[in-house]
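For reference, the structure is listed below as structure tokens.
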Amino acid sequence: MLIFLFSINLVYGQSIPNLTVGYGDRYDILPKLGFNTATIEDYNKAFSSNHIVNKTPAVERKNLVIPTGKGKLKFKKYSFSADQGDGFRGWEYKGYLPQLKMHILVSNHVSESLGFSDLVLIDSTNVSQHTIASIGDAAVEIPIPSPNGYFLAYYYNQVYTSNSCFIGVLAVRKGKAPFRIKLSEYNSFETDNWAVEDIRWVDNTTIIIKAYTLKKIDNENSKQFAYYTARLRQENNK
């Protein structure tokens, strides 16, 4: 329901083709990632393809203005004011992924005094959108493209449970109108043994995780880091 609310608030007076990906039931029928231990040296050598262009969008009458190949789109700018009550709060602009030609935004909504958000990728050429569903209340982290751009890896650290996370990998495929490309679920992984600090790509089909566990040291939480690597597993035949 929240994703629907976010979509209708996307652009005033305009209908935008939307594809929501990242649903748990779709990941459940696909192969799981299997992780092996790695080293900090492996991590430091890995390719970091998170080349996000940090743009500052124009603002017109409290609306973010995003340029696209179909003209300018306007989004209600997120308000941090705490006295607004329940309802749609607006959008935050997170940057631009030049490899995919997509803008990165986060949509924010409040219901019964609880905050919810979703990460949305807006195609800068044809304005179609991909919403990446979250397994929790907050948006997933910004997805990291593989060096060849054929996959996106992202993660979500559980808010209410320490040392727990979800990792998802989406396939990037050529789409048909109105989508220039289409994202689809590919591999996933969940654990309650550690959370994610960062994801990098070793090559086009292998990711490396900088993971951490929170431990109490002198009455303060301290991050203990470890490193894990996993190779993507081919999809099941459908």
Is the backbone N or O of Pro178 less than 3.5 Å from a side-chain atom of Asn126, with the two atoms forming a donor-acceptor pair by type?
yes
State plainly whether one hydrophobic cluster holds both Phe75 and Tyr93, where clusters connect Ile, Leu, Val, Met, Phe, Trp and Tyr through side-chain heavy atoms under 4.5 angstrom apart.
yes
According to a hydrophobic-cluster definition based on side-chain heavy atoms being under 4.5 Å apart (Ile, Leu, Val, Met, Phe, Trp, Tyr only), do Tyr154 and Met102 belong together?
yes
Are Trp194 and Phe189 an aromatic pair, judged by ring center distance below 6.0 Å?
yes
With side chains defined as the heavy atoms from C-beta onward, is the minimum distance between Ile66 and Ile122 less than 4.5 Å?
no
Side chains of Thr191 and Cys165: does their closest heavy-atom pair fall under 4.5 Å?
yes
Do Ile142 and Ile181 land in one hydrophobic cluster if side-chain heavy atoms of ILVMFWY residues count as linked below 4.5 Å?
yes
Heavy-atom pair of closest approach, residues Tyr27 and Tyr186:
CE2-N, 3.8 Å
Using modelled atom types only, decide if a donor and an acceptor are shared between the side chain of Thr39 and the backbone of Asp42 within a distance under 3.5 Å.
yes
Smallest heavy-atom separation, Ala139 atom then Tyr156 atom, equals O-CD1, 3.8 Å
Any luck finding a side-chain donor-acceptor pair between Ser222 and Glu220 under 3.5 Å?
no
Partner of Asp123 by salt bridge (Lys or Arg N to Asp or Glu O under 4.0 Å), out of Lys182, Lys101, Arg180:
Arg180
Can you tell if the side chain of Leu19 reaches within under 4.5 Å of the side chain of Thr131, non-hydrogen atoms only?
no
Give a yes or no on whether the backbone of Asn163 and the side-chain of Thr213 come within a donor-acceptor separation of less than 3.5 Å.
no
Give a yes or no on whether the backbone of Ser107 and the side-chain of Asp118 come within a donor-acceptor separation of less than 3.5 Å.
no
Do Val21 and Ile132 touch side chain to side chain, with heavy atoms closer than 4.5 Å?
yes
Please confirm whether the backbone N or O of Val106 pairs with a side-chain atom of Ser117, one donor and one acceptor, at under 3.5 Å?
no
Kindly say whether Gly22 contributes a backbone atom to a donor-acceptor pair with the side chain of Glu185 at under 3.5 angstrom?
yes
Could you tell me whether the side chain of Asn187 and the main chain of Arg233 form a donor-acceptor pair under 3.5 Å?
yes
Could you check whether the rings of Phe35 and Tyr228 sit parallel, tilted or perpendicular, using 30° and 60° as the cut-offs?
perpendicular
Considering residues, nucleotides and ligands other than Lys223, do more than 12 of their heavy atoms fall under 6.0 Å from its NZ?
yes
If you take all heavy atoms of Pro143 and Leu97, which pair is closest and at what distance?
O-CD1, 4.3 Å
Give me the atom names and distance for the closest heavy-atom approach of Ile199 to Ile144.
O-CG1, 4.1 Å
According to a 4.5 Å side-chain heavy-atom criterion applied to Ile, Leu, Val, Met, Phe, Trp and Tyr, with indirect links allowed, do Leu64 and Val127 form part of one hydrophobic cluster?
yes
Distance-minimising heavy-atom pair for Gly149 and Leu100
O-CD2, 4.1 Å
Do the side chains of Val65 and Pro57 get nearer than 4.5 Å, heavy atoms only?
no
Is the number of heavy atoms from other residues, nucleotides or ligands under 6.0 Å of Lys215 NZ greater than 12?
no
Quick one: sort the Tyr212 and Phe225 rings into parallel, tilted or perpendicular, breaks at 30° and 60°.
perpendicular
ILVMFWY cluster, Val159 and Leu214 together (side-chain gap under 4.5 Å)
no
For Thr205, does its backbone N or O pair with a side-chain atom of Arg231 as donor and acceptor, under 3.5 Å?
no
Say whether, by atom type as modelled, one donor and one acceptor occur between the side chain of Asn148 and the main chain of Asn204 under 3.5 angstrom.
no
Can you confirm whether more than 12 heavy atoms, excluding those of Tyr150, are under 6.0 Å from its OH atom?
no
Here the pair of heavy atoms bringing Pro67 nearest to His103 is O-NE2, 3.1 Å
Kindly determine whether Asp192 and Thr161 satisfy side-chain hydrogen bond (donor to acceptor under 3.5 Å, both in side chains), including the steps that lead there.
CA-CA 8 Å; Asp192 57 5; Thr161 306; over 6 Å; no
Backbone N or O of Lys32 within a donor-acceptor pair of the Ser188 side chain at under 3.5 Å?
no
